[in-house]
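Residue numbers start at 1 and run along the sequence shown. Just so you know, these numbers come straight off a predicted model, no measurement behind them.
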Amino acid sequence: MTTGYQDDVIDALETLAQYGIPNSGSAHLFDVGTGPYLDYFEREVIDGFVSHGGATCKFFEGAYGSGKTHLLQLLRQRALEKGMIVASADLSQALRLEDWKQITAYILENMEARVNNQMVRSLPKIISALHAGRSIHADNLKKVHLVHPGFHNALWWAAQKEHLNAAAWSTLSDFLTGNRVSVADMRRHNLLGVKGPLNGRNAELVLKTVLGGLYHLGVPGVLLLFDENERTLQSTRSIPPRSQRIAANLMRRLIDGCTTGLLVGAVSVFAVLPGFLEMCSRNYPALGQRLQMVSGGLPKQAWRVPTLPLEKVNVMQHPEDFLKASTEMFIGHVERLQGNTAGLREQMTGIGQRVLENNVGSGYKRELMKSLSHACLSRL
């Protein structure tokens with residue numbers, strides 16, 4: 001057992017015991033039953049589709065504590081391992097889907113990639129790191145049409161960083177992270193053709209241009225992860241408010257972009273709370289049709305369909321099976337950390353049964369992981 005493994009697991013256990021979710025990059029250490037779906041996603045979606053320029057959307061529906069964030073963490077890790085760029089956004093009152101300018105700016109500033117075993121964050125820093133590693137194909141941008149000419153040119157200039165001084169690169173970086181930069185400032189640094197900074201009217205075009213541009217520069221794809229932590233996408237009113245109609249329309253156009261070719265080399269994954277997908281079918285027929293919704297709820301639950309209840313991506317379909325597999329997983333960590341396992345299986349089974357009884361009909365996994373990780377830590 002290496003010291004790195006020991007430190008990583010103990011740190012992750014402490015975070016898991018406090019929040020029910022391990023720290024970033026450690027989700028795979030505590031995964032139970034999701035492996036087959038992750039293998040499918042990597043094989044069929046990433047390798048078989050996105051890496052060839054395809055684009056798609058996936059929706060997962062699950063209650064609070066059912067494992068939505070855990071699944072997104074696992075998808076993030078797989079994508080980073082494949083060389084993809086990942087942007088993760090928690091949808092809340094502070095970051096709302098109907099504000100596409102805000103979402104796009106957040107993505108530009110917070111997208112991340114692993115380049116030469118180093119994590120890099122933000123669009124300009126990722127391009128700079130790829131350029132330094134000579135793993136970027138700037139000439140490809142001259143051969144394609146992208147829907148926002150100003151950002152198209154900005155990406156091309158960023159891929160030519162060796163020709164820019166520090167002041168020009170700083171100005172260009174501001175533009176590429178969604179800040180307002182004047183045409184005069186661009187001309188001052190001879191950044192010709194860079195215009196039309198991010199705003200509320202062009203945000204969708206900017207995002208599509210950036211995703212397509214990164215693919216043509218040689219990035220194998222971009223994974224966008226949206227996690228609904230508050231019921232920002234739902235309403236109890238008989239007539240949906242304007243903000244939700246805007247959000248639904250943006251989601252519809254995002255899906256349409258995948259089928260029309262406007263989106264290239266990208267996967268958008270939404271983890272939403274129960275009721276959202278059925279509400280789409282009822283209140284937003286155009287979006288419901290694209291999600292392949294049917295009367296009464298979700299469609300036939302096969303992995304290839306765009307919408308899935310969260311529990312269907314896990315091979316442990318019954319809570320008791322999930323508890324048993326989780327117990328064995330935690331015992332394995334205690335053994336590798338040379339802790340005391342005497343009676344631990346019985347202790348964890350008893351703890352887990354109480355959690356299941358207290359969470360009948362709702363998301364139990366987060367509470368279960370918190371409780372079992374506490375028991376695990378007590379034996380180290």
Side-chain angles (χ1 to χ4, degrees), residues 41-59 75-76 78-89 100-101 103-108 110-115 122-124 126-127 129-131 135-160 175-178 193-194 196 198 202-226 249-270 290-291 304 306:
F41 191 91
E42 180 178 337
R43 181 180 65 253
E44 298 290 333
V45 179
I46 296 177
D47 293 338
F49 192 57
V50 175
S51 65
H52 299 288
T56 188
C57 294
K58 296 287 185 181
F59 291 78
L75 293 175
R76 170 186 174 273
R78 287 288 180 111
L80 290 173
E81 290 168 2
K82 301 294 291 187
M84 295 178 70
I85 293 173
V86 181
S88 305
W100 209 230
K101 177 190 174 185
I103 291 287
T104 301
Y106 182 88
I107 290 172
L108 297 179
N110 292 281
M111 59 171 55
E112 55 185 350
R114 186 177 289 127
V115 183
S122 86
L123 174 60
I126 289 172
I127 294 177
L130 292 172
H131 180 272
S135 54
I136 204 165
H137 308 292
D139 290 342
N140 289 348
L141 284 181
K142 291 296 187 181
K143 304 173 185 177
V144 297
H145 169 75
L146 299 174
V147 292
H148 190 295
F151 263 81
H152 187 166
N153 289 324
L155 291 171
W156 186 84
W157 279 112
Q160 311 288 323
F175 183 90
L176 287 171
T177 49
V194 182
L198 175 68
N202 68 12
E204 184 180 352
L205 299 179
V206 168
L207 183 60
K208 290 176 178 177
T209 296
V210 169
L211 297 180
L214 287 170
Y215 177 78
H216 291 296
L217 283 172
V219 175
V222 178
L223 176 65
L224 303 178
L225 301 173
F226 299 96
N249 194 39
L250 286 169
M251 294 172 74
R252 176 189 63 78
R253 295 208 300 270
L254 194 62
I255 295 171
D256 287 348
C258 296
T259 58
T260 60
L262 287 176
L263 278 175
V264 177
V267 190
S268 300
V269 179
F270 292 83
R290 286 158 177 78
L291 295 177
R304 290 181 182 273

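- Between Leu146 and Phe151, every side-chain heavy-atom pair lies at or beyond the 4.5 Å cut-off.
- Side-chain contact between Cys57 and Pro306 is absent, with no heavy atoms from C-beta onward closer than 4.5 Å.
- At a threshold of 4.5 Å between non-hydrogen side-chain atoms, the residues Asp47 and Lys82 count as touching.
- Between Thr56 and Phe49 there is a side-chain heavy-atom pair separated by less than 4.5 Å.
- Side-chain atoms of His52 do not come within 3.5 Å of backbone N or O of Ile46 as any donor-acceptor pair.
- Leu223 is listed as a side-chain neighbour of Leu225, based on a closest heavy-atom distance under 4.5 Å.
- Residues Glu81 and Arg114 are not paired through a salt bridge, judged by the lack of any N-O separation under 4.0 Å between the basic side chain and the carboxylate.
- Within the 4.5 Å cutoff, the side chain of Leu155 has heavy atoms near those of the Leu176 side chain.
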Check step by step if side-chain contact (heavy atoms from CB on, under 4.5 Å) holds for Leu224 and Met111.
CA-CA 9 Å; Leu224 303 178; Met111 59 171 55; over 6 Å; no

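- Taking a cutoff of 4.0 Å between a charged side-chain nitrogen and a carboxylate oxygen, Arg252 and Asp256 qualify as a salt bridge.
- Counting only distance, with no hydrogens or angles, the side chain of Asn140 and the backbone of His216 share a donor-acceptor pair below 3.5 Å.
- Side-chain N or O atoms of Tyr215 include none that pairs as donor or acceptor with a backbone N or O of Val222 at under 3.5 Å.
- Put simply, the side chain of Ile136 reaches to within 4.5 Å of the side chain of Ile127, judged on heavy atoms.
- With His152 contributing its side chain and Leu141 its backbone, the two residues share a donor-acceptor pair below 3.5 Å.
- Looking only at distances, no side-chain donor or acceptor of His137 sits under 3.5 Å from a matching main-chain atom of Asp139.
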